[in-house]
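Input: a single structure, listed below in structure tokens.
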Amino acid sequence: MSTTILNHPMIEHKLTIMRNKETGTKEFRQNLDEIGMLMAYEVGKNLPLRNIEIETPLTSMTGKTLMRHVVLVPILRAGLGLVDGFKTVIPTARVGHIGMARDEETLEPKEYYAKFPSTLDNADVFALDPMLATGGTASAAITNIKNRGAKHIKFACVVAAPEGIQVLQQNHPDVDLYICPNCKQKVELR
């Protein structure tokens with residue numbers, strides 16, 4: 001697992017606007033959408049490509065296209081706030097959904113809803129959730145996505161606590177993690 005902190009001045013600027021207690025709902029949502037666009041660019045930076053032959057107006061050429069479909073999987077409901085920004089950058093992305101809730105007796109996260117495109121096993125899956133706190137819900141959601149055949153998963157969040165990062169690093173060493181620069185404590189990155 002690699003953990004990437006998305007050090008971008010526009011992300012930090014927009015996070016500051018979102019954290020300001022004077023920021024209204026509309027402005028908050030707009031900035032989250034814009035952060036999603038900036039994150040999508042970074043999360044998609046190393047997607048694998050394949051060659052494709054095309055005809056230009058002048059000649060034929062070998063171009064590049066994504067090797068696999070991209071599937072966005074927001075963890076309901078908060079993850080929905082990142083979908084539009086990601087889809088602006090990756091308009092061909094398909095969208096699945098996973099809903100997780102805490103079981104009242106065990107206090108463990110439990111799936112209550114899941115709907116995915118049929119291509120999950122041969123896709124680059126971006127699991128989306130604005131907040132990674134303890135890591136329990138994100139870890140359970142990623143496990144459920146893997147159980148449905150996904151092999152290429154990246155997790156993107158805006159706010160991350162060191163404890164949540166550690167849980168994902170331990171439970172899913174094969175999942176790359178992308179977070180915005182917001183941790184108040186030092187985070188050990190691997």
Output for pair (Ser118 OG, Arg94 CZ), nearest 0.5 Å, gives 6.5 Å

Do Val175 and Leu168 have side-chain heavy atoms sitting under 4.5 Å apart?
no

So, does Arg102 use its side chain to make a donor-acceptor pair with the main chain of Leu107 at under 3.5 Å?
yes

Tyr178 and Leu32: same hydrophobic cluster, using ILVMFWY side-chain contacts below 4.5 Å?
yes

Donor-acceptor pair, distance only, cut-off 3.5 Å: does the side chain of Thr119 make one with the backbone of Asn122?
no

Give the minimum heavy-atom separation between Leu66 and Arg50, together with the two atoms involved.
O-NE, 3.9 Å

Between atom CD1 of Ile98 and atom CG of Asn144, what is the distance when rounded to the nearest 0.5 Å?
4.5 Å

Distance-only side-chain donor-acceptor flag, Ser139 / His172, under 3.5 Å:
yes

So with a 6.0 Å cut-off around NZ of Lys146, is the heavy-atom count from everything else above 12?
yes

Please confirm whether the backbone N or O of Glu27 pairs with a side-chain atom of Asn31, one donor and one acceptor, at under 3.5 Å?
yes

Do the side chains of Met100 and Leu76 get nearer than 4.5 Å, heavy atoms only?
no

At what distance, to the nearest 0.5 angstrom, does CG of Leu82 lie from CE of Met37?
11.5 Å

Run the side-chain hydrogen bond (donor to acceptor under 3.5 Å, both in side chains) test on Glu42 and Thr4 for me, step by step, so that the C-alpha distance in whole Å, both residues' side-chain angles and the decisive distance to 0.1 Å come before the verdict.
CA-CA 9 Å; Glu42 292 295 328; Thr4 303; over 6 Å; no

Paired with Cys180, the side-chain contact (heavy atoms from CB on, under 4.5 Å) test is passed by just one of Ile5, Ile35, Leu38, Asn7, namely Ile35

Check: Pro109 main-chain N/O paired with Thr137 side-chain donor or acceptor under 3.5 Å:
no

Evaluate the side-chain proximity of Leu6 to Tyr41: yes if any heavy-atom separation is below 4.5 Å, no if none is.
no

What do you reckon, is CZ of Arg29 surrounded by more than 12 foreign heavy atoms closer than 6.0 Å?
no

Any sub-3.5 Å donor-acceptor pair from Asp33's side-chain atoms to Gly85's backbone N or O?
yes

Find out if a path of hydrophobic residues (ILVMFWY) with successive side-chain heavy-atom gaps under 4.5 Å connects Leu15 to Ile17.
no

Between Leu128, Leu177, Asp176, which is the residue that forms a side-chain contact (heavy atoms from CB on, under 4.5 Å) with Lys154?
Asp176

Can you tell if the side chain of His97 reaches within under 4.5 Å of the side chain of Pro74, non-hydrogen atoms only?
yes

Do Phe86 and Met10 sit in the same hydrophobic cluster, where Ile, Leu, Val, Met, Phe, Trp and Tyr count as joined when their side-chain heavy atoms come under 4.5 Å apart?
yes

Taking atom CE of Met39 and atom NE2 of His8, what is their separation to the nearest 0.5 Å?
12.5 Å

Residue pair Ala40 / Val89: nearest heavy atoms and the distance that separates them:
CB-CB, 3.8 Å

With heavy-atom distances below 4.5 Å as the criterion, would you say the side chains of Arg19 and Val159 are in contact?
yes

Quick check: are there more than 12 heavy atoms from other residues, nucleotides or ligands sitting under 6.0 Å from CD of Glu53?
yes

Quick one: pull up CG in Asp124 and NE2 in His152 and give me the separation to the nearest 0.5 Å.
6.5 Å

Less than 4.5 Å apart, any side-chain heavy atom of Leu47 and any of Phe126?
yes

Does a side-chain heavy-atom distance below 4.5 Å link Val167 with Thr134?
no

Tell me whether Lys151 contacts the main-chain N or O of Asp121 through its side chain, where contact means a donor paired with an acceptor under 3.5 Å.
yes

Quick check for you: to the nearest 0.5 Å, what is the distance between Ile165 atom CD1 and Gln170 atom CD?
12.5 Å

Less than 4.5 Å apart, side chain to side chain, heavy atoms only: is that true for Leu49 and Met67?
no

Between Ala161 and Ala133, which heavy-atom pair has the shortest distance, and what is it?
CB-O, 3.5 Å

For Asp129 and Phe155, the nearest pair of non-hydrogen atoms, with its separation, is CB-CZ, 3.9 Å

